[in-house]
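Hydrogens, waters and symmetry mates are skipped; everything else that's a heavy atom, side chains included, is used.
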Amino acid sequence: MKTRKPLGWPKLMVAKRLKHGATAYYWDVPTWAKARGCPFKSEALGSDYGVAKTRCDSALNPQFDDWRIGNDIKPSLPSTRAGTFDWMVALYKQAPQYKKLSEGHKKDVDWLLGLASKHPLKDGRCFGALHLSSINPGAADLLYSKLRTKPDGSERTRTAKGVMVAVRRAWSVAYRSQPTIVPAQNPFSKMEISYSAKRTRPVSYSELLNFVDAADKSGMASIGTAALIAFHWLQRQVVNRRLTGTPYRPPKGTPLIGVLCW
């Protein structure tokens with residue numbers, strides 16, 4: 001394997017000709033930097049020059065320069081290969097469209113995207129390691145089919161649908177940011193996904209007590225109190241923020257009672 005000189009200084013991308021004749025690109029941390037405690041590791045960038053250069057120019061080189069001159073290191077994309085699914089997810093999480101989400105929504109999106117990224121493949125890799133160019137509509141359909149089934153064999157259609165929606169959004173946002181790397185065709189769009197909500201199962205009294213106990217232990221006793229009121233006083237579906245002594249008229253044929261409504 002023959003190594004060429006770095007492509008510019010302090011640009012640390014190097015090209016290496018492999019045995020079979022192809023050229024691969026790497027971001028190589030100098031020995032002197034390693035000896036001084038450089039926190040970054042060398043990274044393989046693949047064989048696409050444009051993708052490799054974009055990764056270096058937009059993330060790796062700037063943060064190395066900040067470390068070299070003593071500035072605070074700016075947050076950058078995780079050390080994942082440019083153009084992969086995981087790279088796309090990281091790019092989406094730096095976008096304004098993601099940052100404006102509420103904290104609760106972010107947690108949901110992170111969990112859904114994580115289900116896709118960590119899904120195991122037959123070759124031992126995870127879905128997140130796949131290059132975006134290799135993910136076609138068929139691969140998206142297969143991922144949806146796999147995610148519909150839990151490890152215990154039960155179905156989770158609603159969760160699988162949520163994953164597809166989150167990934168479709170992430171792909172679209174990432175494409176607008178990096179159109180030369182992210183394919184224009186979003187394989188997660190126009191998926192024929194149908195979902196019928198199942199009838200809500202009434203909770204048992206023991207489940208209610210477990211919920212109240214968990215709420216108390218987590219410091220959210222008011223939520224446990226709301227659950228108790230809903231269970232014992234036949235509370236209305238919508239729970240408002242304050243107590244009012246308004247009457248509640250149940251369906252015809254049942255006794256009229258007064259209830260507390262939040």
With under 30° as parallel and over 60° as perpendicular, where do the rings of Phe85 and Phe188 fit, or are they tilted in between?
tilted
Taking the six-membered ring for Trp, are Tyr25 and Tyr49 parallel (under 30°), tilted (30 to 60°) or perpendicular (over 60°)?
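Perpendicular: the ring planes of Tyr25 and Tyr49 meet at over 60°.
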Supply the atom-to-atom distance [X] [atom1] to [Y] [atom2], rounded to the nearest 0.5 angstrom.
X	Y	atom1	atom2	value
Arg169	Gln97	CZ	CD	5.5 Å
Asp86	Leu132	CG	CG	10.0 Å
Gln185	Ser133	CD	OG	12.0 Å
Arg156	Leu147	CZ	CG	6.0 Å
Asn186	Ile135	CG	CD1	10.0 Å
His119	Leu142	NE2	CG	6.5 Å

Backbone N/O of [Y] and side chain of [X]: donor-acceptor pair under 3.5 Å:
X	Y	value
Ser172	Arg168	yes
Ser42	Val29	yes
Ser218	Ala215	yes
Trp171	Met88	no

Could you tell me which non-hydrogen atom of [X] sits nearest to which non-hydrogen atom of [Y], and how far apart they are?
X	Y	result
Lys118	Cys126	O-SG, 3.8 Å
Ala129	Thr84	O-CG2, 3.7 Å
Tyr98	Tyr92	CB-O, 3.3 Å
Ala174	Val182	O-CG2, 3.7 Å
Leu130	Ser134	CB-OG, 4.0 Å
Phe127	Ala116	CB-O, 3.1 Å

Check ion pair Lys106-Asp110 (N to O, under 4.0 angstrom):
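Between Asp110 and Lys106 there is no salt bridge, as every charged N stays at least 4.0 Å from the carboxylate O atoms.
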Residue Lys34 excluded, over 12 heavy atoms near NZ under 6.0 Å
yes
Is there a path of hydrophobic side-chain contacts, each under 4.5 Å between heavy atoms of I/L/V/M/F/W/Y residues, joining [Y] to [X]?
X	Y	result
Trp111	Val165	no
Tyr205	Leu228	yes
Met191	Tyr175	yes
Leu113	Leu121	yes

Step-by-step side chain to side chain donor-acceptor pair (under 3.5 Å) determination, Ser154 to Asp152
CA-CA 6 Å; Ser154 59; Asp152 61 5; 2.7 Å; yes
